[in-house]
**Q** 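Pasting a structure here, questions to come.
All figures in this text were calculated on a predicted structure; none of them were measured in a lab.
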Amino acid sequence: MKNNRGKRLSGEFQKEISSVISQKLKNKYPELSAIISVTESDVAPDLKSAKIYISIFDVNEEKRQSSFEIIKQNAGYIRHELAMVMRLRTVPELRFILDESMEHGSKIDRILEDLSNDE
């Protein structure tokens, strides 16, 4: 269970990382054309590391994986930008994890729709 400070920091990280990706990183890499959202952030209590869950919606699986790789490769840049915005003694090391829950939900919706159309 996270304390209040941990919840607050996770929310701030989620908001700021989303801002860095959507503005600065997309300007730096125009091939990031997919819909990218930060679905969750989990900051360790000691602020040494943070897991950042990223959801990428793109019709092309290859472009989706490419976008995720660009984000992973720019973890240091994103961390640097966070340090400029947030007033923390140390900014945690960022570990990005691909969140596929939206795709899974979309797949279930399609299956349920197909079942209702068959009746």
**Q** Return the CD to CD distance between Q23 and E81, rounded to the nearest 0.5 Å.
**A** 10.5 Å
**Q** Counting only heavy atoms not in E62, do more than 12 fall under 6.0 Å of its CD?
**A** no
**Q** Same cluster or not: M86 versus V38, using hydrophobic residues (I, L, V, M, F, W, Y) connected whenever any side-chain heavy atoms lie under 4.5 Å apart?
**A** yes
**Q** With distance as the sole test, does R79 use its side chain to make a donor-acceptor pair with the main-chain N or O of V91 at under 3.5 Å?
**A** yes
**Q** In Å, rounded to the nearest 0.5 Å, how long is the span from CG of L9 to CG of D42?
**A** 11.5 Å
**Q** Determine, using the 4.5 Å side-chain heavy-atom cutoff (strictly less than), whether Y77 and I71 are members of one ILVMFWY cluster.
**A** yes
**Q** Determine the minimum heavy-atom distance between A34 and K26, stating which atoms define it.
**A** O-NZ, 3.1 Å
**Q** If you take all heavy atoms of F68 and F96, which pair is closest and at what distance?
**A** CZ-O, 3.6 Å
**Q** Would you say V85 and V20 make side-chain contact, with heavy atoms under 4.5 Å?
**A** no
**Q** Give the C-alpha distance, both sets of side-chain angles, the deciding distance and a yes or no for side chain to side chain contact (heavy atoms under 4.5 Å, CB included) between I36 and L25.
**A** CA-CA 11 Å; I36 301 171; L25 204 60; over 6 Å; no
**Q** With a sphere of 6.0 Å drawn around CD of Q65, does it hold more than 12 non-hydrogen atoms of other residues, nucleotides or ligands?
**A** yes
**Q** Calculate, to the nearest 0.5 Å, the distance between atoms NZ and OG belonging to K7 and S10 respectively.
**A** 10.0 Å
**Q** Evaluate the criterion salt bridge (Lys or Arg N to Asp or Glu O under 4.0 Å) for residue pair R110 and E113; output intermediate values, then yes/no.
**A** CA-CA 5 Å; R110 281 194 307 271; E113 188 175 305; over 6 Å; no
**Q** Kindly write out the residues that satisfy side chain to side chain contact (heavy atoms under 4.5 Å, CB included) with T39, not counting sequence neighbours, or none if the list is empty.
**A** S37, Y53, S55, D99
**Q** Donor-acceptor pair, distance only, cut-off 3.5 Å: does the side chain of R64 make one with the backbone of I56?
**A** yes
**Q** Can you measure from CD (E40) to CD1 (I54) and round to the nearest 0.5 angstrom?
**A** 11.5 Å
**Q** Return the CD1 to CG distance between I21 and N74, rounded to the nearest 0.5 Å.
**A** 9.5 Å
**Q** Is it the case that the side chain of S67 and the backbone of K63 share a donor-acceptor pair, with hydrogens and angles ignored and the cut-off at 3.5 Å?
**A** yes
**Q** Does a side-chain heavy-atom distance below 4.5 Å link I78 with I52?
**A** no
**Q** Within the supplied structure, the quantity of interest is the number of heavy atoms (other residues, nucleotides, ligands) at a distance under 6.0 Å from I35 CD1; does it exceed 12?
**A** no
**Q** Looking at P92 and F13, what are the two nearest heavy atoms and their distance?
**A** CD-CZ, 3.4 Å
**Q** Taking atom NZ of K28 as the centre, does the number of heavy atoms from other residues, nucleotides or ligands within less than 6.0 Å exceed 12?
**A** yes
